[in-house]
Amino acid sequence: MNNEKIKEREGLVYDPTQDCKLVGAARALSGVKDAITIVHARPGCHCGVLLLRALGSNQNDIRIVSSAFRASEMIYGAEGKLTDAIRLSYKHFKPSLIAVLNCSAPAIMGDDVEGVVLAMKEEIPAEVFSLSTGGYEGPAWIGYEETLAELTHFMVESEKAENSVNIIGFKQDEIKAYSDLSEIERMLNSQGITVNSVLTNSNFDEIKKAPEASLNIVLGGDGLESAKIMKERFDVPYVVTPYPFGLNNSIEFLKRVSRGLNKQIDQEFISTEKEAIKERIERVFLFLEGIYDTSVAVVGDGGRAFDLAKFLSDELGFGIKVLAITSKNYSTQDREKEDYFESLLIEPDRFEMNRELKTKGVEMIFGSSMEKKLAYELGAPLVRIFYPVLDEVSISDSPYAGFKGTIQLTENIINAVISNYAGIIDAD
Amino acid sequence: MNNEKIKEREGLVYDPTQDCKLVGAARALSGVKDAITIVHARPGCHCGVLLLRALGSNQNDIRIVSSAFRASEMIYGAEGKLTDAIRLSYKHFKPSLIAVLNCSAPAIMGDDVEGVVLAMKEEIPAEVFSLSTGGYEGPAWIGYEETLAELTHFMVESEKAENSVNIIGFKQDEIKAYSDLSEIERMLNSQGITVNSVLTNSNFDEIKKAPEASLNIVLGGDGLESAKIMKERFDVPYVVTPYPFGLNNSIEFLKRVSRGLNKQIDQEFISTEKEAIKERIERVFLFLEGIYDTSVAVVGDGGRAFDLAKFLSDELGFGIKVLAITSKNYSTQDREKEDYFESLLIEPDRFEMNRELKTKGVEMIFGSSMEKKLAYELGAPLVRIFYPVLDEVSISDSPYAGFKGTIQLTENIINAVISNYAGIIDAD
Amino acid sequence: MIQNTRGANFLRPLINAYNPLPIHGITAIPGKISGALMLVNAITDAVPLIHGPVGCAFQRKINPFRPHASFYETPCTDMRDLEVVYGGEEKLRQGIKETYEKYHPALIVVITTCASDLIGDDFKSVIEGIKGDIGCEVIYTAGDFVGKSKPIGYQDALYAITDQMLCEGLEKGEIVKNDCSVNIITLPIHNAALKTAEMASVLREMGIKINKICFDHTTVKDLYALSKAELTITDYPLAGIRLMKEKAGVDYYATVGLEKYRERKEPELLSPYGIEGSARVFMEIAKRMGKEGEAEEVIERRKKIAVEKVSGIKKDLEGKTVAYSGMGCLHSLEQQMLLRDVGINPGLVIYKTSGLGLLLSMDAMEEVRNITVEWARKYGSEPEVLINPTTKEEIKAMKEKRVDLAIVSSLNNAVHEYHKEGIRTFNREDLMLHYQRIGFECPVELALRLREALKEPQKRSPLLCMLEYDTLRVNLTPEWAKLADIFMSLRGGVVGDRC
Amino acid sequence: MIQNTRGANFLRPLINAYNPLPIHGITAIPGKISGALMLVNAITDAVPLIHGPVGCAFQRKINPFRPHASFYETPCTDMRDLEVVYGGEEKLRQGIKETYEKYHPALIVVITTCASDLIGDDFKSVIEGIKGDIGCEVIYTAGDFVGKSKPIGYQDALYAITDQMLCEGLEKGEIVKNDCSVNIITLPIHNAALKTAEMASVLREMGIKINKICFDHTTVKDLYALSKAELTITDYPLAGIRLMKEKAGVDYYATVGLEKYRERKEPELLSPYGIEGSARVFMEIAKRMGKEGEAEEVIERRKKIAVEKVSGIKKDLEGKTVAYSGMGCLHSLEQQMLLRDVGINPGLVIYKTSGLGLLLSMDAMEEVRNITVEWARKYGSEPEVLINPTTKEEIKAMKEKRVDLAIVSSLNNAVHEYHKEGIRTFNREDLMLHYQRIGFECPVELALRLREALKEPQKRSPLLCMLEYDTLRVNLTPEWAKLADIFMSLRGGVVGDRC
């Protein structure tokens with residue numbers, strides 16, 4: 001991959017394809033199942049995070065509270081409101097952890113959030129901590145990394161359990177999160193590996209016990225910082241694996257984990273899964289032949305989009321005209337030299353990205369709900385894979401990840417092509 | 001339900017919503033896994049059946065052969081071609097059964113198909129039979145019933161196995177056929193019931209052994225004729241069950257089967273499944289509240305559409321503005337008096353049906369691929385449930401039937417509403 | 001029986017799908033950026049420029065007022081630490097220039113954020129400094145023009161337009177009036193074009209021209225033309241509209257006469273709906289425009305047609321017992337339409353103050369309640385009134401009264417529980433969201449829809465009945481009820497954004 | 001680099017999705033009804049009436065030529081036993097009347113079926129009898145007008161239109177000619193409008209008017225106007241077009257000179273594509289229209305632009321070794337475009353006779369093969385020729401020759417196997433289906449696409465490689481190969497419908 005193909009943002013004005021620190025932190029925290037997140041901010045920030053959560057994941061598991069201060073409190077400080085918010089959160093939810101996300105306004109105002117947190121720690125029998133998440137302080141992925149790193153502070157040294165792993169970088173508000181995790185667990189179990197705790201999709205107590213695992217799996221590179229800390233502090237080694245989109249990534253996932261555990265890989269399991277995939281794709285092989293070589297764009301975060309693009313190119317035979325990484329992580333730079341895409345955009349401005357997709361003759365988009373209008377303008381089907389997905393739900397057992405996910409992805413992709421109204425418009 | 005709500009076809013000209021005898025017979029036969037179907041007809045009939053099969057089901061399991069005769073043979077008869085077709089089919093596929101479907105042209109020409117069949121039975125070591133399937137001789141569902149009835153002739157008397165059932169009326173070319181069958185089997189197994197043979201999704205040998213079952217389950221009333229024959233000839237009792245769309249139909253399905261086997265129903269299994277459904281719908285309860293009361297039309301065959309409509313009305317709270325039964329079966333008349341729909345069309349002309357849907361303010365259609373243009377014109381999402389589905393595939397484990405199907409249907413329905421381009425058009 | 005226009009059938013279920021989302025003053029308040037974006041988005045050739053960090057642009061893409069219709073274009077100045085320390089004016093200046101070059105809009109609306117507000121950037125001078133260098137209009141909205149009027153960002157942005165664009169031109173005295181014409185301005189979330197079609201047609205028939213309808217494919221040019229009208233018709237006298245009167249002499253007429261009601265306490269003033277309400281409103285507009293003579297004939301003729309149509313349908317509704325829930329909200333329809341026009345017979349009226357509490361004080365609520373009962377009596381019914389009943393109690397009462405139809409809100413009443421008990425419902429929320437409007441056709445449509453609801457097949461066992469709900473807020477699960485409780489406690493009773 | 005028009009990007013993958021379906025003479029032949037429906041469907045105000053049983057209408061909704069675009073309107077006379085015994089003429093008569101009343105079309109095309117043909121209904125007299133009573137044109141197509149010309153139903157229906165509609169009018173001598181104008185008629189499956197745009201523009205520049213382009217939103221009125229042209233340009237001289245010459249004096253020009261080729265054996269005659277091929281075709285048309293003078297300048301100018309553009313791209317293709325598969329089919333592009341225009345250097349030519357066998361006799365195939373090699377030599381290459389190699393052999397040869405790009409067909413070559421071995425491909429099938437057309441722009445586009453293909457990322461491990469394929473027909477699984485074998489044996493070598 002020569003560098004001429006990598007494009008960085010040109011202008012100053014930025015129609016962002018990524019979110020701010022607050023959202024990265026809130027996402028990480030939402031996977032601590034008995035935690036409450038307090039958004040210490042003016043109403044907009046809280047409303048935004050609440051909407052993302054209510055539209056994009058389990059609608060009955062929100063756990064996001066606003067400190068709800070008013071404009072008038074911007075002058076005298078909103079520490080009182082924050083104190084009330086923490087008290088009320090404890091009263092109503094009895095959480096194990098309360099995390100205060102200190103946003104732009106109180107940060108600039110100079111609220112003494114640390115002071116409030118210290119005082120409340122005395123008062124209520126739950127852990128409380130705060131994080132600096134001013135919008136101007138960095139992008140979402142940094143907020144995510146810092147939050148996971150913060151969680152390591154609560155972890156306790158303990159005996160290692162053999163063949164036990166933690167999964168790091170799992171985000172339970174992605175479209176297929178729950179079924180992806182099931183499939184990943186099934187794959188690991190097939191190799192005699194058990195999952196200790198998931199960062200983040202575990203109770204606070206389980207997260208504290210994370211050092212019991214004998215290996216950390218860093219999914220797609222997300223949460224690498226916390227894995228490094230855990231290696232240093234608790235001597236838990238880690239492997240960075242692909243997010244297991246497709247057959248090859250799934251096998252590679254198992255290989256790296258096995259290698260990390262010094263285990264032999266169970267080839268029989270893989271053969272069985274391969275056979276199952278073969279049997280399913282045989283049923284639609286004519287369509288698969290037909291859509292081979294479709295020109296697509298992949299627009300998603302660094303922890304997922306590279307691996308999806310690789311699957312689409314290598315296994316379905318698609319032409320990846322544009323790979324747009326909307327949000328980096330610490331592995332992104334290493335992956336920029338890979339070669340299954342024609343053009344790579346890093347954290348692009350939406351205006352520039354749309355222009356790029358339009359000139360490249362993209363026929364299908366793999367993205368988030370935010371690519372909906374672009375897809376409409378291009379007349380290209382949109383397959384929603386990446387966060388945030390706000391206009392599609394998944395409550396069935398239908399992963400995109402792993403061996404089963406290979407079948408599900410293939411099905412959805414074929415359907416995205418053949419089951420729209422295009423035929424009628426054409427016939428008109 | 002008062003009769004003013006039931007509408008029959010008005011005119012003579014018929015833009016059909018159902019197919020002819022040939023297709024019903026071919027569909028039944030395609031589920032005899034080691035059978036070859038010979039379409040004895042001019043090219044069009046064969047091409048039509050082949051397309052339905054290649055686009056609507058397993059693309060690597062076709063087993064439909066044409067006798068391929070030419071116009072010139074319409075004068076002197078095409079018996080020679082038929083003989084060749086049978087020979088070649090045997091030579092290439094070594095099937096257990098060869099079924100000759102005698103279509104309009106040779107039927108009117110007066111080909112001695114019976115004679116050919118008799119001769120070939122001598123020559124090749126496979127069963128051969130023929131059926132009269134002239135397009136003018138009746139609709140698809142009659143062809144289906146007659147084919148299953150014909151299959152009973154090959155069945156052999158045998159000892160009954162306890163808690164063993166046959167499933168009749170299963171059609172393996174429906175969109176979710178394979179996963180529906182898995183789910184139905186899972187449900188039966190949970191009650192200690194095993195599946196003996198499936199009419200039709202079994203080898204010819206398994207079908208011959210159908211009388212080993214202690215009960216026949218007639219899914220949605222399809223194949224009733226064969227169940228009656230088997231009761232008479234082999235003393236296998238039968239129950240007609242709903243097609244298990246939704247929670248209530250699933251429970252009702254298990255109840256009827258248990259009753260038919262004089263078994264206690266395992267309530268614990270049902271409780272667990274209910275709990276699972278509750279947990280999943282909680283995740284999307286806001287959307288479910290939001291789409292409650294959507295005005296819909298259900299356009300499908302009698303063996304499925306009543307049950308789906310009942311689910312949509314009773315459980316999702318939809319208003320069934322129009323229920324169009326595109327193809328009857330022997331249970332249809334009994335069901336006409338049910339009351340969860342506002343207007344019922346029986347085997348309607350497509351022109352009249354479309355007019356009805358357009359005046360009723362239908363906002364979503366549950367139908368087949370044939371309703372695609374109508375849905376487009378109405379600006380209503382189309383959920384493809386009924387045969388034929390030619391523009392959507394399903395190779396994943398994602399049933400519409402049973403307890404799991406309740407979750408999958410709910411997911412797909414929510415997505416049909418929220419994940420189209422409508423929001424963009426609205427915002428424009 | 002009701003015909004939809006081709007190709008639009010998806011919209012009702014789509015909008016409804018997102019409607020139960022309990023935000024808007026229940027568990028959250030959309031910030032000012034969202035409101036401003038709503039307005040900018042409704043102007044086809046305008047582009048927003050959010051002066052703040054990425055989050056203020058990315059999260060705001062989700063439109064809290066219409067979550068099904070995102071804001072796909074939200075460029076921002078990508079404010080970082082550096083600007084927070086040294087100020088963001090230069091970045092804003094550059095950003096405006098670049099925005100013009102990229103998007104070539106007719107208008108750039110700079111939307112400020114907490115961050116830019118707090119660091120004290122001088123938006124006004126930045127804009128004044130750069131305006132001449134680029135080929136389009138630039139204004140800014142900072143959320144501080146209109147006080148607490150909701151939805152704050154929308155109000156503020158409209159004010160900014162009036163103040164910074166329209167009044168600018170006015171000072172030069174260049175307005176050529178469009179004689180005897182009116183503007184119709186409603187919130188973009190109210191489907192302006194659809195809901196004002198009849199009003200426009202009635203006014204035209206009276207000889208009143210329609211200058212502009214906002215917001216319906218509105219362009220910047222249309223905005224400039226607003227000041228050509230003699231009168232602006234609006235639901236509520238938004239700050240921007242009041243300013244237009246003050247500075248440009250375009251007087252306004254508010255269809256919901258909240259101000260007058262506070263003086264005169266005549267409940268009719270709150271309801272511009274139904275046959276009489278609409279007639280009153282049209283006549284008042286006509287008077288303001290000096291068209292009483294023409295108006296009388298038009299109104300009488302249209303009224304007559306509507307009355308005839310309704311009475312044709314009324315027969316099927318006679319003798320049916322109805323329960324309805326008190327509206328609380330000012331969009332109230334029961335008095336004018338249900339009782340007077342359609343002539344339904346309420347056996348039961350239900351009040352849920354948990355919902356109302358958000359919107360009106362306890363006194364005001366009592367007032368509304370009294371009005372409701374009084375009205376019912378006037379039309380010959382003596383309804384039982386339930387205050388904050390549990391769903392069980394409601395159902396018990398409905399069964400005792402042999403209620404044929406419950407006209408309730410899917411957001412405040414557990415309609416699926418009613419259905420399970422065999423009680424038919426009519427969703428007030430749906431009417432309000434999609435059909436309610438000023439004019440004579442609406443009561444006819446309501447009558448038709450009620451008749452249909454009476455015939456609707458029963459829904460026997462909704463899956464939603466499996467879930468637990470809060471006993472008071474029957475549309476919220478316990479989880480959400482907790483969030484609502486916390487929010488209420490912290491805000492100390494906010495005024496919602498819905499109305 | 002290649003820009004698609006807005007909103008049409010879905011079409012290529014959608015059409016491609018259904019393209020590998022092995023019908024059309026491989027395992028089946030679409031019947032005449034499908035062909036007739038294709039034509040009727042292309043006339044916006046025409047409605048078919050299938051005179052036969054329901055199956056002939058229901059199954060035929062699936063369009064074998066374009067499975068993604070069904071025929072949603074296929075009313076039939078619902079023939080039953082009774083009609084088979086007593087005849088269906090009365091039902092047809094009633095059916096025509098009712099069809100008119102229901103659909104109000106400008107034309108009803110009665111399509112007969114095996115059943116109605118065999119029972120001997122007299123379509124002609126039924127139609128003549130009822131024509132006067134209804135307000136539209138009625139014709140019938142019975143599949144017996146045009147012999148074996150493929151696609152039979154399409155040919156037949158076009159013939160029926162010419163015979164029963166156009167020539168009817170002609171006899172009355174009412175034609176007012178559209179001076180110096182031409183029709184362009186292609187199959188509706190060939191995306192007429194898209195693919196003839198440049199041709200129309202070139203002809204217009206020469207002073208030749210375009211009377212009608214068929215089929216592209218064609219109405220019945222447009223059909224009547226066909227006879228006003230002086231000349232019809234078509235790919236193949238369809239029977240209906242020949243009839244138009246005979247009866248209405250509208251001569252025709254076939255761009256693919258199959259008839260002339262049979263006389264003169266000049267391979268160029270088979271290829272109207274590429275810069276020279278297009279120039280020849282345009283000049284021949286101009287001569288027929290008496291516009292040689294104007295034509296010369298236009299062609300020279302357009303040629304020059306194309307040549308310049310191509311040579312700009314050629315640089316990137318120089319020194320690259322290419323393998324290509326022999327086309328066999330008459331849409332052949334290698335000679336004109338690949339060799340002459342783009343100047344590629346073929347190291348390897350592959351022939352698959354299993355595919356060719358369907359279309360040409362062995363002799364004809366040998367002929368085509370010789371032409372191919374001769375052409376390659378002429379342009380300085382001495383390619384190796386492989387006849388019916390296995391995929392393994394192909395790949396081995398390609399690796400030996402260090403092939404940079406294999407220009408092959410996804411329908412005849414196992415492209416996913418090449419990819420697995422690191423060989424880049426260019427899909428001929430895709431070019432043919434979506435882009436190939438007469439004109440000077442096409443070679444430029446081809447050159448661009450070839451250059452892009454050379455840069456395309458490798459596809460390393462296609463899932464399709466997991467499947468078993470037939471060794472000879474590498475696009476078919478063994479299951480389908482058996483169906484194909486049976487079909488071939490029974491038909492004894494049919495002529496396919498594709499070309």
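By convention in this document, chain letters (A, B, ...) are assigned in the order of the sequence lines, proteins followed by strands, and residues within each chain are numbered from 1.
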With a 4.5 angstrom heavy-atom cut-off, is it the side chain or the backbone of [X] that approaches chain C, or both, or neither?
X: B:Thr410; answer: side chain
X: B:Ile291; answer: both
X: B:Lys310; answer: neither
X: B:Asp293; answer: both
X: B:Tyr292; answer: side chain

Scored by heavy-atom pairs under 4.5 Å with chain C, the best of B:Ala380, B:Ser295, B:Ser313 is B:Ser313

Exercise: identify the closest heavy-atom pair between B:Val417 and C:Ala17: CG1-CB, 4.2 Å

Looking only at heavy atoms, the pair that brings C:Pro20 and B:Glu289 closest together is CB-OE1, 3.5 Å

Spacing of [atom1] belonging to [X] relative to [atom2] belonging to [Y], to within rounding of 0.5 Å:
X: B:Glu315; Y: C:Cys465; atom1: CD; atom2: SG; value: 10.5 Å
X: C:Leu11; Y: B:Glu363; atom1: CG; atom2: CD; value: 10.0 Å
X: B:Phe285; Y: C:Leu463; atom1: CZ; atom2: CG; value: 14.5 Å
X: C:Lys459; Y: B:Phe318; atom1: NZ; atom2: CZ; value: 9.5 Å
X: B:Phe287; Y: C:Leu21; atom1: CZ; atom2: CG; value: 7.5 Å

Kindly determine whether C:Thr477 and B:Glu282 satisfy side-chain contact (heavy atoms from CB on, under 4.5 Å), including the steps that lead there. CA-CA 9 Å; C:Thr477 56; B:Glu282 256 173 16; 5.7 Å; no

Can B:Glu342 and C:Lys455 be said to form a side-chain contact (heavy atoms from CB on, under 4.5 Å), step by step? CA-CA 8 Å; B:Glu342 289 184 28; C:Lys455 289 190 291 187; over 6 Å; no

If we ignore hydrogens and angles and just use 3.5 Å, is the side chain of B:Asp314 paired with the main-chain N or O of C:Ser461 as donor and acceptor? no

Out of C:Glu479, C:Gln458, C:Lys420, C:His419, which one racks up the most heavy-atom pairs below 4.5 Å with chain B? C:His419

Is it true that C:Glu452 and B:Lys321 make a salt bridge, defined as a side-chain N closer than 4.0 Å to a carboxylate O? yes

The test is side-chain contact (heavy atoms from CB on, under 4.5 Å); show your working for C:Arg460 and B:Asn248 and say whether it passes. CA-CA 10 Å; C:Arg460 289 181 185 78; B:Asn248 293 341; 5.9 Å; no

Stepwise side-chain contact (heavy atoms from CB on, under 4.5 Å) check, C:Asn16 with B:Thr294: CA-CA 9 Å; C:Asn16 287 357; B:Thr294 299; over 6 Å; no

Under 6.0 Å from the CD atom of B:Glu279, do we count more than 12 heavy atoms belonging to anything else shown? yes

Over 12 non-hydrogen atoms of neighbours within 6.0 angstrom of CD in B:Gln267: yes

